[in-house]
Amino acid sequence: MSGNIMISRHALEEKVLQILGTLNVSCEDAKLIADTLIQAEIWGVTSHGVLRLEHYVRCLQSGGILPEAEFTVEK
């Protein structure tokens, strides 16, 4: 057995949204993050997929990422 877990895209997205929601990430931002991480998984770029969620959670918990921060592109 390889240790892989099969989960539907919808179920995975719901779990990611739930986790980010508990960390005060806006619904819009959480959806974008979930879509991006899951798409990386689908493309086979697992190093930039759902694996990254743990890192983002730690950054949110430590204050390294502020969920309410807004940014603008100047150039």
Side-chain angles (χ1 to χ4, degrees):
M1 190 165 191
S2 68
N4 290 334
I5 297 171
M6 298 297 291
I7 186 171
S8 71
R9 179 187 176 113
H10 176 74
L12 181 57
E13 179 181 46
E14 288 298 313
K15 189 63 176 171
V16 172
L17 293 174
Q18 177 189 23
I19 291 167
L20 293 172
T22 66
L23 296 164
N24 300 318
V25 176
S26 72
C27 291
E28 182 181 348
D29 288 346
K31 178 79 168 115
L32 178 62
I33 294 164
D35 287 345
T36 302
L37 296 177
I38 293 168
Q39 189 60 54
E41 290 288 338
I42 291 168
W43 287 337
V45 187
T46 58
S47 61
H48 288 72
V50 178
L51 170 79
R52 303 297 304 156
L53 183 60
E54 181 181 358
H55 173 73
Y56 298 147
V57 165
R58 278 189 268 120
C59 288
L60 284 158
Q61 289 172 331
S62 70
I65 296 175
L66 302 175
E68 69 279 358
E70 294 186 25
F71 68 94
T72 57
V73 178
E74 293 183 9
K75 289 186 182 183

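Only this structure's heavy atoms are used, side chains among them; waters, hydrogens and symmetry mates stay out.
- The same ILVMFWY cluster, assembled from side-chain heavy atoms under 4.5 Å apart, contains both Ile19 and Ile65.
- In terms of heavy-atom proximity, Cys59 sits nearest to Ser62 at O-OG, 3.2 Å.
- Following chains of ILVMFWY side-chain contacts shorter than 4.5 Å, one can reach Leu12 starting from Leu53, so the two form part of one hydrophobic cluster.
- No side-chain heavy atom of Thr46 sits under 4.5 Å from any side-chain heavy atom of Leu51.
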Practice prompt. For the pair Gln18 and Glu14, evaluate side chain to side chain contact (heavy atoms under 4.5 Å, CB included) and give the outcome as yes or no after the intermediate values.
Written response: CA-CA 6 Å; Gln18 177 189 23; Glu14 288 298 313; over 6 Å; no

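- Taking NZ of Lys15 as the start and CD1 of Ile38 as the end, the distance is 13.0 Å to the nearest 0.5 Å.
- Of the possible polar contacts, none joining the Glu13 side chain to the Ala34 backbone as a donor-acceptor pair under 3.5 Å is found.
- With a 4.5 Å cut-off on side-chain heavy atoms, Leu37 and Tyr56 count as touching.
- With rounding to the nearest 0.5 Å, the separation of CD1 in Ile7 from CD in Glu41 is 11.0 Å.
- Nearest heavy atom pair, residue Val25 against residue Asp29, reads CG1-CB, 3.7 Å.
- Between Pro67 and Asn24, the closest heavy-atom pair is CB-O, 3.4 Å.
- Under the 4.5 Å side-chain criterion, counting only non-hydrogen atoms from C-beta, Arg58 is in contact with Glu54.
- Counting non-hydrogen atoms of other residues, nucleotides and ligands closer than 6.0 Å to CD of Glu68 gives a total above 12.
- Grouping the Ile, Leu, Val, Met, Phe, Trp and Tyr side chains by contacts below 4.5 angstrom, directly or via other members, places Val16 apart from Leu32.
- To the nearest 0.5 angstrom, Ser26 atom OG is 7.5 Å from Ile33 atom CD1.
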